[in-house]
Amino acid sequence: MPFEPLDRTDPESVGPYLLLARLGVGGMGRVYLARSAGGRTVAVKVVRADLAGDADFRERFRREVSAAQSVGGTFTAPVVDADRDGPTPWLATAYVLGPALDDAVRGHGPLPVGAVRTLGLGLGQALAAIHAAGLVHRDLKPSNVLLAADGPRVIDFGIARALDGDRMTSTGVVVGSPGFMSPEQAAGRRLGPAGDVFSLGSVLVFAATGRGPFDHAEDGGAPSAASLLYRVVHDEPDLSGVPGPLLPAVTACLAKDPADRPSPAGLGALLGEPAAPARSGWLPAALASDIATRAAEVMDLEAPVRPGDPRSGPAAAPAVRTPTEVSDPGTVRLRAPGAPAPDAGRAGHPTEPIGSAPPAGRPGPSRRALLLGGGAAVLAGAGGLTAWALSGGSKPGPGPAPAPPTGSASPAAASSAAPSRAPGMPPAPLWTYRTAESNVGSLGMAFSPGLLHLGSSDLVAVNLADGKEKWITKDAMAYNMACAGGTISYGTVADLITVDAATGTVLWKYQSERGKPNGTQIASDMVLNADDRTVYAMCAYLQLDDKGLPDMGAKTGKGIMALSRKDGSMLWNQHRQQTADYTVSSDLTADALLYTDSKENLVARSLADGSQTWFATTNSHAAYQPVLQDGLVFCSADPNGLQAVRVSDGKQVWAKTSDRSTHMWYSPPAAGGHVVYSVLGGMTLTYQGTTFTPTAPTRVVAFNAADGTELWHLELPVEVSMDTNPVLVGDTLFVPSPEHGIYAVDVVGHKVRWVFQTNAGAELPWHLAGGGDLLIAVQGNQVMALPPV
């Protein structure tokens with residue numbers, strides 16, 4: 001479907017996204033092709049004005065965004081951004097270069113057997129991820145399946161509902177597409193995960209034959225919706241034309257009794273294929289060629305041209321290459337002369353992630369709960385709408401060296417000494433690197449020799465010397481990284497991967513240990529830490545069925561494991577309590593792994609075998625980062641305080657408590673030079689109609705690490721981030737304030753050196769990390785290097 005040009009009634013941007021063209025109209029509003037300042041291509045659905053004013057719709061919209069956010073998996077289409085509460089709500093989904101299945105079959109005919117097998121495996125993995133999030137898709141059909149070069153994608157969770165009940169899943173309500181419903185859905189009965197499996201079987205029939213299993217024509221032409229519903233409930237599917245190798249899987253999926261259908265994870269055995277679909281070359285050549293040809297349409301849409309724009313006339317100048325606008329190394333984007341740069345006018349529209357991100361110093365949630373957009377783009381469909389787009393991720397052949405990311409300083413500027421400035425004046429960043437998505441700092445930063453590593457949808461290595469991108473792995477889905485010995489280990493939605501920090505080359509991937517039928521399988525989860533010998537990570541114990549495949553209906557046990565940093569082999573694993581939380585922060589001593597979690601404790605485990613050696617109560621309902629110094633670990637204490645715990649035996653050495661009547665508490669600490677630093681303060685909060693305001697000034701407090709004696713304190717005039725560790729670089733302590741910037745505190749002179757601010761907006765949190773003699777500060781999609789003085 002061709003793109004339509006924007007007209008004068010269309011906005012120039014929605015949130016942080018520059019609109020490029022119209023895609024069409026969906027059920028809830030207009031859909032646009034758009035691009036972020038960082039170069040990501042997205043589809044933005046803007047809600048109709050009449051729906052925006054409907055309170056019931058707004059509540060449903062909020063629920064659906066949250067549902068989509070909770071779904072992970074390689075073969076699902078992520079939601080990358082949304083505004084659920086603004087005057088005009090909108091939703092942005094990432095883009096994929098590929099058509100919907102129904103358009104592909106109409107244009108090129110049924111898929112060959114091998115492609116249908118790959119399709120089935122990818123859809124099975126997508127459903128497994130959806131069901132693991134506690135959802136049922138409810139509307140899996142050909143127009144909601146996209147065919148990308150590296151596998152299929154499932155889109156549109158617009159009518160997905162939680163398994164634990166909703167009015168849309170109650171008896172008597174029928175929602176979905178008649179020809180691809182399950183019998184229980186068509187009959188208005190309660191729908192579970194097995195209903196999606198039935199729909200998957202119908203989709204495979206369509207892919208292999210060009211028609212649905214209940215689509216045989218009637219005398220008057222195509223069957224009516226009522227006729228289709230009746231056939232789904234009472235008739236056997238028409239599988240004539242389905243190739244023999246596909247019949248076992250299709251027949252099993254289309255069983256009338258939900259209990260007789262396979263689990264999504266069990267499709268691999270029925271399809272006679274390995275556990276993961278092929279990542280390239282799976283589509284017929286003609287279809288793959290068509291996808292590549294249509295990519296050029298998007299590359300020409302850098303600057304929207306509207307009717308009446310002088311550029312739309314006969315004398316319009318051709319697009320020219322603008323080397324300063326680079327999304328990936330080797331990729332030069334096009335911009336027409338006089339067109340606004342993608343970053344123009346963006347200061348007032350920072351990108352906000354869906355939901356609340358964990359504060360700096362804390363890890364993101366378990367990757368099973370993460371849903372972030374991939375740089376390889378996902379095509380978004382609305383009401384059967386199909387269009388193709390490229391997210392700027394292609395890498396052409398040899399050409400001129402790429403320009404540095406927008407805002408990056410030159411090597412000379414970065415390496416030169418900071419210029420002299422008036423006392424109290426903040427420094428300018430030595431360099432700025434702009435990421436493709438916002439708020440990557442909430443997902444963690446890591447350092448290897450000379451490099452800063454940023455994890456999110458893409459895994460990026462940036463030179464600390466000049467802020468230039470050294471390498472990038474698109475769609476890495478990298479979270480909770482740990483660096484050691486020149487390698488980076490990180491968790492994805494499905495794997496634990498270790499790469500060479502200098503090049504990004506994959507060294508190994510953890511393969512879940514295959515268990516025996518009715519036994520267990522150990523799957524990786526969040527990476528905790530690493531040393532020269534070992535990578536430490538959370539893990540899950542999956543119950544297997546009688547075929548040796550994960551039982552999606554069984555409970556998942558929780559554990560912790562150690563893998564060889566050399567080859568990923570299992571060194572040990574230990575069970576944790578079933579109620580233990582996956583969201584943790586950790587540190588390492590010579591012989592112990594220490595971690596805090598949101599179950600109000602600090603745990604110590606032996607590095608030798610993972611056995612728990614002690615735990616200390618913290619009363620912290622969040623996984624604050626523990627800090628080590630002088631044989632002590634510093635962490636939260638009861639009530640709302642700070643404590644020092646001896647690493648050797650877990651005994652409390654000293655503690656500081658706060659007066660709850662003042663609504664003040666201690667922040668997570670920083671430590672250096674036998675001194676522990678914390679912030680005693682609070683933030684104005686409103687809870688159940690009551691506003692709580694701190695009754696004393698915020699202060700930075702320095703304690704003697706050995707005995708907790710207060711050495712000095714400094715009052716600050718503003719509220720600061722109380723759930724974030726301050727960062728010590730040299731003799732400067734950096735304290736972020738959500739509204740006023742970064743306070744640089746001189747810990748020798750006990751005064752504020754300067755306050756650094758940007759124009760990105762007070763609603764964007766700061767995430768800080770110390771990288772050698774630099775402070776790395778992340779706000780929105782800006783990664784900045786600041787000198788400590």
Side-chain angles (χ1 to χ4, degrees), residues 72 132 275 363-370 444 446 455 477-485 487-499 506-516 519-544 548-551 554-599 601-615 623 626:
S366 167
R367 61 181 183 273
R368 288 184 176 85
L370 287 167
M477 302 296 285
Y479 310 108
N480 311 109
M481 298 176 292
C483 285
T487 64
I488 308 171
S489 297
Y490 63 91
T492 72
V493 174
D495 298 301
L496 192 159
I497 301 172
T498 292
V499 304
V506 174
L507 301 177
W508 53 262
K509 292 184 180 182
Y510 170 73
Q511 302 294 327
S512 299
E513 292 189 348
R514 188 63 180 267
K516 297 179 180 180
T520 58
Q521 183 181 36
I522 303 175
S524 63
D525 204 272
M526 192 184 79
V527 173
L528 290 178
N529 223 307
D531 55 30
D532 287 345
R533 176 176 175 267
T534 308
V535 177
Y536 305 93
M538 292 299 177
C539 64
Y541 297 93
L542 306 180
Q543 183 65 43
L544 303 181
L549 299 170
D551 183 351
K555 289 185 177 180
T556 301
K558 297 178 180 180
I560 191 167
M561 66 180 183
L563 305 177
S564 166
R565 195 177 65 83
K566 180 180 178 181
D567 58 15
S569 58
M570 179 74 70
L571 300 179
W572 52 255
N573 66 88
Q574 294 282 355
H575 284 265
R576 302 174 70 213
Q577 293 182 0
Q578 185 64 28
T579 58
D581 192 27
Y582 274 118
T583 305
V584 305
S585 283
S586 70
D587 210 336
L588 292 173
T589 71
D591 55 8
L593 170 68
L594 306 174
Y595 58 87
T596 57
D597 63 20
S598 59
K599 295 302 179 183
N601 56 37
L602 170 69
V603 177
R605 288 184 179 271
S606 166
L607 297 187
D609 60 9
S611 59
Q612 181 172 309
T613 55
W614 54 260
F615 74 92

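Because the structure is a prediction, the values reported are computed rather than measured. We count residues from 1, following the sequence as given.
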Mind listing the closest non-hydrogen atom pair of S585 and P626 along with its distance? O-CD, 3.8 Å
side-chain hydrogen bond (donor to acceptor under 3.5 Å, both in side chains) involving D591 - partner list, sequence neighbours excluded: T589
What are the two closest heavy atoms between C483 and A446, and how far apart are they? SG-CB, 3.6 Å
Mind checking side-chain hydrogen bond (donor to acceptor under 3.5 Å, both in side chains) for T534 and listing every partner two or more places apart, or none if nothing turns up? none
Can M538 and R576 be said to form a side chain to side chain contact (heavy atoms under 4.5 Å, CB included), step by step? CA-CA 9 Å; M538 292 299 177; R576 302 174 70 213; 3.4 Å; yes
Nearest 0.5 Å, what's the OG1-CD1 distance between T498 and I488? 9.5 Å
How are the rings of Y536 and W572 set to each other: parallel, tilted or perpendicular (split at 30° and 60°)? tilted
Closest approach of L594 to W614 (non-hydrogen atoms, all atoms of both residues): CD2-CZ2, 3.9 Å
With rounding to the nearest 0.5 angstrom, report the CD1 to CG distance, I560 to L593. 5.0 Å
Between Y490 and I497, does a side chain to side chain contact (heavy atoms under 4.5 Å, CB included) hold up when you go through it step by step? CA-CA 6 Å; Y490 63 91; I497 301 172; 3.8 Å; yes
Report the residues that fulfil side chain to side chain contact (heavy atoms under 4.5 Å, CB included) with S569, sequence neighbours left out, ordered by chain and then residue number. S564, D567
Regarding Y595 and N529, do their side chains bring together a donor and an acceptor under 3.5 Å, going by distance alone? no
4.5 Å side-chain heavy-atom contact, R605 and T613: no
CG on L507 to CZ on R565, rounded to 0.5 Å: 9.0 Å
Contact summary for M561 and S524, nearest pair of heavy atoms: CE-CB, 3.5 Å
For A530 versus L588, what's the shortest heavy-atom pair and its separation? O-CD1, 3.5 Å
Quick one: side-chain hydrogen bond (donor to acceptor under 3.5 Å, both in side chains) partners of D532, sequence neighbours excluded? none
Is the backbone of L496 close enough, under 3.5 Å, to the side chain of W508 for a donor and an acceptor to pair up by distance? no
How many angstroms lie between atom NZ of K509 and atom CG of D495, to the nearest 0.5 angstrom? 5.5 Å
Calculate, to the nearest 0.5 Å, the distance between atoms CD and SG belonging to Q574 and C539 respectively. 9.5 Å
The side-chain hydrogen bond (donor to acceptor under 3.5 Å, both in side chains) partners of D587 (sequence neighbours excluded) come to none
Could you tell me the separation between the CG atom of L571 and the CG atom of L563, rounded to the nearest 0.5 Å? 7.0 Å
Is there a side chain to side chain contact (heavy atoms under 4.5 Å, CB included) between Y510 and I522? Walk through the geometry before answering. CA-CA 10 Å; Y510 170 73; I522 303 175; 3.7 Å; yes
Full working for side chain to side chain contact (heavy atoms under 4.5 Å, CB included) between L607 and D531: CA-CA 10 Å; L607 297 187; D531 55 30; 4.2 Å; yes
Which atoms form the tightest heavy-atom contact between A484 and T487, and what is the distance? O-OG1, 2.8 Å
Any donor-acceptor pair under 3.5 Å from S489 side chain to V535 backbone: no
